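Just follow the structure's listing: the first ligand is 1, and inside any ligand the first atom is 1. Just so we're clear, the structure is a prediction, and the values are computed from it rather than from any experiment.
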Amino acid sequence: MTKAHRYGIRPKNPGAHLFEVRLLVASPDPAGQVFAIPAWIPGSYMIRDYAKHVVTIRAESDGKAVALRKIDKSSWQAEPSDRALTLIADIYAFDDSVRGAHLDTTHGYFNGSCVFPSVVGQEDLQCLLEIQPPPGDSDASEWRVATSMQRQDARPYGFGVYCAADYAELIDHPVEMGQLAIAEFDVRGIPHAIAIRGRTRVDTARLCHDLQALCKHHMQMFGPPADLDRYLFLLHAPGSGYGGLEHRWSSSLVCARDNLPQRGETEVSDGYRTFLGLASHEYFHLWNIKRLKPAVFTPYNLATETYTSLLWVFEGITSYYDDLALVRSGRISDASYCELLGRTITRVLRGAGRTHQSVAESSFDAWTKFYQQDANAPNSIVSYYAKGALIALTLDLKLRSETDGRISLDDVMRACWDRWGDNSDGMPEDGFEKVCAEVASIDFDDFFDAAVRGTGELPLQAMLATHGVEYHLRRATKRSDKGGKAARDDQPEPRWLGAKLGESQGKLVFASVDNGGPAEDAGVAPGDVAVALDGLTLTARNCDRRLRSYRAGDDLELVVFRGDQLITTSIRLADGPSNTCYLQLDEHADAATVASRDSWLHPS
Ligand code: ZN
């Protein structure tokens, strides 16, 4: 019988951010075992070349050195050997994101993709992982370990030996170690936990109560996956930040500390709603992308880019259901949900990129475009998350309208889950559209051609009207206005420059310049630092106020710095486009319309 691969990881030098990784291979390839570190991590579609963080690497057998040769940017080959082989590597870990590995004197976190070489050709073998504590016994004596990996020889939340069925599973369990706040709850009898890193005074009881309701809601939609016997939310709560990455039995979340509910609070703040939306999103992925996958991801090829036009299905539809679950599970009101939807619509409307790139193209080119956005991104690309969510919304309401409420997107998603949910070859590129047509017995070709492969406008206003929601557009009221809410009409709108402005080191900077807008006409470029408008200083603090004092059509002198060069130009201010959306519940809707709205937002 072939033995399991034995991996070990220890925080060798937290001050220098070095993990030591060891890997014992019982039966290496006699022709010379190859080891490879992934170039990317599932869920984040960009080549990151994690092997670049390897500081030293060597191999030995029976205590004697074995030659190791680097064969490409991510792989090494050991000299031929028929004896057990140990690989030993020091890996620099200072990327404090959900996609990275990070070690300092306060904690350690890693994704297996960043630190564990695979044994090429033996990836299907079981992997044991010994997680060791950091050296010394000072603060680290209170460190605990949080991971969804199965314990083999370790106490709950303890250091020790964990086990994964194969390499793919080994790298799908991120591990957090440090001083953690841990709370547990169960969903349909399945143990769930949340482990929080960071100084927080969070109301964990409320957090668990809300997460439980959300998880239960998603669980009701699909039913629990057969292999879901535990689930863990790993949460990092720094002063600011936002992000998430899905895994099969867990997710890694980053959310600003102040977004979490504090003891004594009862309102759902904007920030807490954002956090719940994030947790809801990653949990929905446990079905949609972690088990139901595009065919090209079965299995993942982590050495190079893998192209699919379906990210809008896996990220866009997930983005639709993340917020929808908040209202359906009773966490937020109908009006609050309308506000969120309005913001998503605003995000899409404000980017001219939607007129150039379809969501199918955006999915396909995620590697070099969505994940590598430059200052021109708003003009050239569309988010398969945001527009994907709006396609899902339109499709859901269209299905409901055209089948008299018999069929909804829920039914299509369940049908996809039944067909490709697990242990299958995954969803082919045309799979989603075919299932949709089959389930509803309606031909949706024209809709998908226009919405998914085309760049026209979605019939959102008409579709929302059939479900008792009014769609309104207005101009932005101030630079931070994200849309969603109706404008307060007591404040005049600032005149429009046609650029996104940001503050950097106390300076007002043109972050991006809209195609066809006044700033572009004036020759302003991304990165320019605003100095003066109409002979008076222009700053982040006075910008909105200054822009309110002029009229559309006024020609003004604008002075900017481009690098160290002072540039004086003339800009003609305009009224901004009406591309800020807000939605309102139609108070005059008839009973049938209200019933459709209720069956959409509150299905029984
Ligand atoms: Zn996602």
**Prompt:** Can the ring centres of His102 and Tyr92 be said to be less than 6.0 Å apart?
**Reply:** no
**Message:** Is a donor from one side chain sitting under 3.5 angstrom from an acceptor on the other, for Glu315 and His281?
**Reply:** yes
**Message:** Less than 6.0 angstrom separating the ring centers of Phe432 and Trp312, yes or no?
**Reply:** yes
**Request:** Examine the side chains of Thr306 and Tyr45 and answer whether a donor and an acceptor come within less than 3.5 Å of each other.
**Result:** no
**Asked** Is Glu246 close enough that one of its N/O/S atoms sits under 2.8 Å from the Zn ion (ligand 1)?
**Response** no
**Asked** Can you tell me the N, O or S atom of Glu315 that's nearest the Zn ion (ligand 1)?
**Response** OE1
**Fill in**
The angle formed at the Zn ion (ligand 1) by NE2 of His281 and NE2 of His285 is about (to 10 degrees) 100°
